[in-house]
Amino acid sequence: MIKITFPDKSVREFPEPLTGLEIARSISNSLAKEVLAVTVDGKIWDLTRTISHDASVKLHTWDDPEGKEAFWHSSAHLMAEAIEQIYPGTKFGIGPSIETGFYYDIDLPGGRQLAEKDLQQIEKKMVELARQNNAIVRREISKAEALELFTQKNDELKLELINELEDGTISVYEQGNFTDLCRGPHLPHTGYIKAIKLTSIAGAYWRGSENNRMLTRVYGVTFPKQKMLGEYLTMLEEAKKRDHRKIGREMELFTFSEAVGQGLPLWLPKGAQLRMQLEEFLKKIQKRYNYEQVITPHIGDVKLYKISGHYEKYGKDSFHTITTPAEGEEYMLKPMNCPHHCEIYKSKPRSYKDLPVRMAEFGTVYRYEQSGELHGLTRVRGFTQDDAHIFCRPDQLKDEFKKVIDIIFIIFKALHFDDYIAQISLRDKENSEKYIGTVENWNKAEQAIIEACDEKGLKTTIEPGEAAFYGPKLDFMVRDALGRSWQLGTIQVDYNLPERFNLEYIGADDNRHQPVMIHRAPFGSLERFVAVLIEHTAGKFPLWLAPEQVVLLPISEKYNEYAQKVLNFLNIYDIRTIIDDRNEKIGRKIRDNELKRIPYMLIVGEQEAESDTVSVRRQGHGDKGVMTIKEFAEMILAEIKDQQ
RNA sequence: GCCGGAGUAGCUCAGGGGUAGAGCGCAUCCUUGGUAAGGAUGAGGUCACGAGUUCAAUUCUCGUCUUCGGCUCCA
């Protein structure tokens, strides 16, 4: 008898060993059709693998990540099989499932390169092979056998992988005439894969290292139903419409110019308006939290960065230094603001009673990014951080950290960023030489972050080894329209700079002590934040942020004068208003201004002019009726206040 | 930086070895219209840049730049 325990703790007994698929079938035929993989005692297995002992079992369908993973992993094998048939002698690197779909890194024989047009042929072959319903069979083999097998195939990539595996843990999967080294799990047969789309080709370094040779990476995605592929492609189209580069151009928020240089955004008037609004918003919050604004120059003596240690670590990969013509002094474009702020801290003696000192600056920094990495506003070479540095006593660290989390909460809440990941990055304890500072301080700092998050009820993931070299940090990651995740807010603890800059304060004991620094930027960079904001809102910004809040639409040119009167009135309340006085019919003006995403449209004609009223339309919501100019202004101001 | 696409009007794109095309936008005129596209006329291009092949290149070849999708990197 085999006892199978299900996730709901129910237990069923079966007379003899059986597979996951058979378990599913014993429950219902429809489940048996949908199930893709099975977790047996916490390990993911093939459905066709026999369970011969009592076990707890969870069946995975397409709705579980585990189900998709098996599906896409098998799809990667299917693609490899197709490629091997079309290009015999191809060597295969790794071919995992990813968040959406899968890829395989391959090395085509004779240095052949794949082009986009070759994908169709591979797709076609995949469909053909899938339709054969070839069973995917797991075989456990010894290391010697594995080496033998892939030596025959002359695939040194796989051999390299096998050499790192332990004997007795090696498995291969076979389908048709194709065999691949693989841990699994896989679908029972290739026929599950109904819809196939190979999406792109990219170069990828073998094992992710620039020092290795570059392989060809083919990306694809597959689905169990043709319809799902259609939906996926539609979703991609929709996402493209939200792309901040497209909307940024349409709404005249920002632009780039070849003449200025790549990765150097130019903020157009409307974009600048939006950005300044965000800055004002944050300034107000920071004032509440007792921050002080400072301003520092865009360049700094190279010695400053030698003191901070950044020159040594990043100087070679940075923009080169600028030299003064007569004296030959060397300056760097500032890649961060902290060294400047440290010097401000040092501008006078500090007492323990003065701490924490919280210094904020919208500091524009310049960093060399590899040309291939630049991307709209999310990855640029010149950007403005909403930077601040908190200099505090060690006993204040946790509290200060919590207050920064509060600020980030306020911002994310105001902008409805509720789908974020908070990631705590700790040091890699195996490699302590990578970090500076004492073990004691690291322990304290890591402890403080973990406790602060805990006490704030923040759900976090912990990533050991991801800390900065000078201290642990907490990052907030938010996704863009295409699901790519970007780091926005960051809070970092730093014991290094206070040490290097000899920062100190006089303690209650009349001795000199070293403060701790917190680097923090809730937006991260204004550029990246605005990019993500655009993609989240599809350019339909909340009223308080909209570059133009109200547009007046006179019914005909006869009422332009009245429109101007309304505009003057709204101006008194700082409501950002424009007039569409083009010689067009009202229907046309409404359409065009709806598409411009201006939150309120005010239609004014004879009736309104006679009664000092406006006819209100809300973008996306249509007619809202007539109200007096004053009522409208009050409504708008209330809405703005409510949103902040 | 690396691999693979792309670059034609302000935007979206068609075209193709021999005067360069559309829609939208823009300008002028007609129209003065009440809740998602009124009409007419017109201006706009060194077809990214530089070489090469050719009688002739925007079109073919090579290089450069920019841009897009990835890789690597990210103080």
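Labels below follow one simple rule: chain letters A, B, ... track the order of the sequence lines, proteins then strands, and each chain is numbered from 1.
With a cut-off of 3.5 Å on both pairing distances, the Watson-Crick or G-U wobble partner of B:C49 is B:G63. Taking a pair to require two hydrogen-bonding distances under 3.5 Å in either a Watson-Crick or a G-U wobble arrangement, B:U12 pairs with B:A22. With a cut-off of 3.5 Å on both pairing distances, the Watson-Crick or G-U wobble partner of B:C2 is B:G70. Using Watson-Crick or G-U wobble geometry with both donor-acceptor distances under 3.5 Å, B:U32 finds no partner in any strand shown.
At a threshold of 4.0 angstrom between heavy atoms, the contacts of A:Phe469 with the nucleic acid are absent. Contact annotation for A:Gly587: backbone-only contact, meaning every heavy-atom pair under 4.0 Å involves sugar-phosphate atoms and none involves a base. Among the heavy atoms of the strands lying under 4.0 Å from A:Gly208 are primed sugar atoms or P, OP1, OP2 only; no base atom is included.
Distances shorter than 4.0 Å separate none of the side-chain N or O atoms of A:Gln607 from OP1 or OP2 on B:G34. For B:C74, neither phosphate oxygen OP1 nor OP2 lies less than 4.0 angstrom from any side-chain nitrogen or oxygen of A:Arg528. The side chain of A:Gln262 contributes an N or O atom lying less than 4.0 Å from OP1 or OP2 of B:U66. One finds no side-chain N or O of A:His375 lying less than 4.0 angstrom from the OP1 or OP2 phosphate oxygen of B:U67. At B:U12, one or more side-chain N or O atoms of A:Arg249 fall inside 4.0 Å of OP1 or OP2 (strictly under the cut-off).
Remark: P of B:A36 and CD1 of A:Ile590 are 5 Å apart, rounded to the nearest angstrom. Rounded to an integer number of Å, the gap from NE2 of A:His389 to C1' of B:A75 is 10 Å. Atom CE of A:Met214 is separated from atom C1' of B:G4 by 10 Å (rounded to the nearest Å). Rounded to whole Å, atom P of B:C26 lies 6 Å from atom CZ of A:Arg582. Between the CG atom of A:Leu553 and the P atom of B:U35 there is a distance of 13 Å, rounded to whole Å. Atom CD1 of A:Ile307 and atom C1' of B:A75 are 17 Å apart (whole Å). We find that CG of A:Asp494 is positioned 13 Å from P of B:A75, with the value rounded to whole Å. In this entry the distance linking CD of A:Gln385 with P of B:A75 reads 11 Å, nearest Å.
Closest to the side chain of A:Ser556, out of B:G34, B:G70, B:G33, is B:G33. Distance from the side chain of A:Ala204 is smallest to B:C71 among B:C71, B:C73, B:C3. Picking from B:U35, B:C74, B:C68 the nucleotide with the shortest atom distance to the side chain of A:Arg245 gives B:C68. Distance from the side chain of A:Ile586 is smallest for B:G34 among the nucleotides B:G34, B:A75, B:G70. Closest to the side chain of A:Ile555, from the set B:G33, B:A75, B:U66, is B:G33. Distance from the side chain of A:Lys558 is smallest for B:G33 among the nucleotides B:G69, B:G33, B:A75. Distance from the side chain of A:Pro335 is smallest to B:A75 among B:G33, B:A75, B:C24. For A:Ser615, taking side-chain heavy atoms from C-beta onward, the closest of the listed nucleotides B:A75, B:U35, B:G33 is B:U35. Here B:C71 is the nucleotide among B:C71, B:C11, B:G33 with the atom lying nearest to any side-chain atom of A:Tyr205. Of all nucleotides listed (B:C3, B:G34, B:U66), B:U66 comes nearest to the side chain of A:Glu258.
Rounded to the nearest Å, the gap between the P atom of B:C71 and that of B:G63 is 26 Å. Distance check on atom C1': B:C13 versus B:G25 gives 14 Å, rounded to whole Å. Nucleotides B:A51 and B:U59 are separated by 13 Å at their P atoms, to the nearest Å. For B:C24 and B:G17, the P atoms lie 29 Å apart once the distance is rounded to whole Å. On the C1' atoms, B:U58 is 11 Å away from B:G15, given to the nearest whole Å. B:U32 and B:G39 have their P atoms separated by 16 Å, with the value rounded to a whole Å. For the P atoms, the distance linking B:G23 with B:A14 amounts to 16 Å, nearest Å. The separation of B:A6 from B:C29, taken at their P atoms, amounts to 45 Å, rounded to a whole angstrom.
Judged by distance alone, the side chains of A:Glu639 and A:Tyr600 do bring a donor and an acceptor atom under 3.5 Å apart. With no hydrogens or angles considered, no side-chain donor-acceptor pair links A:Asp581 and A:Asn560 at under 3.5 Å. Under the 3.5 Å distance criterion, with hydrogens and angles disregarded, a donor-acceptor pair is assigned to the side chains of A:Tyr470 and A:Gln492.
Nearest-nucleotide mapping onto RNA chain B: of A:Arg381 and A:Gln492, the residue sitting toward the 5' end is A:Arg381. Ranked by how close their nearest RNA chain B nucleotide is to the 5' end, A:Asp592 and A:Gln487 are led by A:Asp592.
In terms of polar N and O atoms assigned as donor or acceptor, the side chain of A:Glu557 comes within less than 3.5 Å of the base of B:U32 in a complementary pairing. Contact annotation: side chain of A:Glu608 to base of B:G34, donor-acceptor pair present below 3.5 Å. The base of B:A37 lies close enough to the side chain of A:Arg591 for a donor and an acceptor atom to sit less than 3.5 Å apart.
A side-chain contact (heavy atoms from CB on, under 4.5 Å) with A:Val516 is found for exactly one of A:Val493, A:Asp494, A:Leu497, namely A:Val493. Screening A:Tyr87, A:Tyr103, A:Tyr104 for a ring pair (Phe, Tyr, Trp, His ring centres under 6.0 Å) involving A:Phe92 leaves a single residue, A:Tyr104.
For B:G44, the O4'-C1' to base torsion is within 90° of 0; the nucleotide is therefore syn.
Relative orientation of the A:Phe319 and A:Tyr368 rings is perpendicular, given thresholds of 30° and 60° on the angle between their planes. By the 30° and 60° cut-offs, the orientation of the rings of A:His389 relative to A:His341 is perpendicular. Note on ring orientation: taking the six-membered ring where Trp is involved, the planes of A:Tyr435 and A:Trp442 are perpendicular (angle over 60°, cut-offs 30° and 60°).
The ring of A:Tyr345 has its center closer than 6.0 angstrom to the ring center of A:Phe391.
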Exercise for review: Please step through salt bridge (Lys or Arg N to Asp or Glu O under 4.0 Å) for the pair A:Arg358 and A:Glu400, ending with a clear verdict.
Suggested key: CA-CA 10 Å; A:Arg358 307 180 186 89; A:Glu400 283 305 308; 2.8 Å; yes
Exercise for review: Give the intermediate values and the outcome of salt bridge (Lys or Arg N to Asp or Glu O under 4.0 Å) for residues A:Arg591 and A:Glu594.
Suggested key: CA-CA 5 Å; A:Arg591 178 185 156 79; A:Glu594 282 280 348; over 6 Å; no
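Both the sub-6.0 Å distance and the 45° axial angle are satisfied by A:Lys313 relative to the ring of A:Phe469.
For the segment residues 616-624 of chain A, the set of residues with a heavy atom within less than 4.0 Å of an atom of RNA chain B comprises A:Arg617, A:Asp623, in numerical order.
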